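Below is one structure, written out as structure tokens, with a few remarks after it.
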Amino acid sequence: MSGGAIQLIKVSQSTMKKLIIANWKCNPATLKEAQKMFLALRGGLKNNSKAEAVVCPPFVYLAEAAKVFKNQSSVKIGAQNCFWEEKGAFTGEISPKMLKSLGVKYVILGHSERVMIMGETNEMTARKVNAVLKLGLTPIVCIGETAEERKQGKTSIILEKELKESLQGVAKNQMTKIVLAYEPLWAIGTGKACSVDEAVKAANVLRRTRKAPILYGGSVHSQNAAGYIAARLDSARQAGLDGLLIGGASLDPKEFLAIIKQIR
Ligand code: PGA
């Protein structure tokens, strides 16, 4: 077999991998606890070949995460946010270049908690997405409707609008380097997960215009994860979900590993 053919097989295998993201949000409260969690994950993720696990702790624990997972190719480090400039007089901000220098590969952007609590706009998300892409990191862009918008039957319109605004200025050939996460606001941290059918439907709305891997996030845990993960297998090509973005349940390493184990 030629080198080219080997390369091709490797690529197609890696694109089949499910992306399972642990979004720790503002947890845990101490470095000591974070170290314990990293170590609990390290052992459990050792022989993980079907999933790409991405651990996104708070910024201050990233260097420690990079150290712990240094030799584990199936575990990547992600950040939960970043600024759009490289460096300068921007008190309190963290740049994509700083993240890259720590070994970070993914950056979650436009999360609804940044929008609802910190007042971030889609325009700010777009600036961040462009800055992250420029450095060769992968943005995970969160898109989702509120309970009210859903009730009014506006989900598709909202998703399309948010997507357009959050990806403003991104060149067409960069679109495949973005991961999209469908995160309905009413399902985040509420225990009311979106049904698999509804999540797949939303994913297909997002996929209509952008060829990007699509994740689902919102109250995922080890008892409901399998349904979302299997969705791709049950559906036609280009349908289904490519992975999960997990908040609360990812704070328990055992629970997170139980989700990863379900990927065959
Ligand atoms: P949750 O959070 O799993 O706790 O609902 C998901 C997210 O906010 O990404």
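Everything quoted here is computed from the prediction, not taken from an experiment. Counting starts at 1 for both ligands and their atoms, following the listed order.
Under 4.0 Å is where a charged nitrogen must lie from a carboxylate oxygen, and between Glu64 and Lys67 at least one such pair does.
Partners of Glu86 according to the salt bridge (charged side-chain N to carboxylate O under 4.0 Å, His left out) rule, which considers only residues two or more places apart in sequence or in another chain, are Lys97. With sequence neighbours left out, Glu255 forms a salt bridge (charged side-chain N to carboxylate O under 4.0 Å, His left out) with no residue at all.
Between the side chains of Lys128 and Asn81, at least one donor N or O lies within less than 3.5 Å of an accepting N or O.
Using a 4.5 Å heavy-atom threshold, the side chains of Glu145 and Tyr182 count as touching.
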Put together the list of close N/O pairs, under 3.5 Å, between ligand 1 and the protein, could you?
from: ligand 1; atom 1: 2 (O); to: Lys25; atom 2: NZ; distance (Å): 3.3
from: ligand 1; atom 1: 3 (O); to: Gly247; atom 2: N; distance (Å): 2.9
from: ligand 1; atom 1: 4 (O); to: Gly248; atom 2: N; distance (Å): 2.8
from: ligand 1; atom 1: 5 (O); to: Gly189; atom 2: N; distance (Å): 2.7
from: ligand 1; atom 1: 5 (O); to: Ser219; atom 2: N; distance (Å): 2.7
from: ligand 1; atom 1: 8 (O); to: Lys25; atom 2: NZ; distance (Å): 2.7
from: ligand 1; atom 1: 8 (O); to: His111; atom 2: NE2; distance (Å): 2.6
from: ligand 1; atom 1: 9 (O); to: His111; atom 2: NE2; distance (Å): 3.3
from: ligand 1; atom 1: 9 (O); to: Glu183; atom 2: OE1; distance (Å): 3.1
from: ligand 1; atom 1: 9 (O); to: Glu183; atom 2: OE2; distance (Å): 2.8

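Sorted by first and then second residue, the pairs that involve residues 32-53 and meet ring pair (Phe, Tyr, Trp, His ring centres under 6.0 Å), not counting sequence neighbours, are Trp24-Phe38, Phe38-Phe69.
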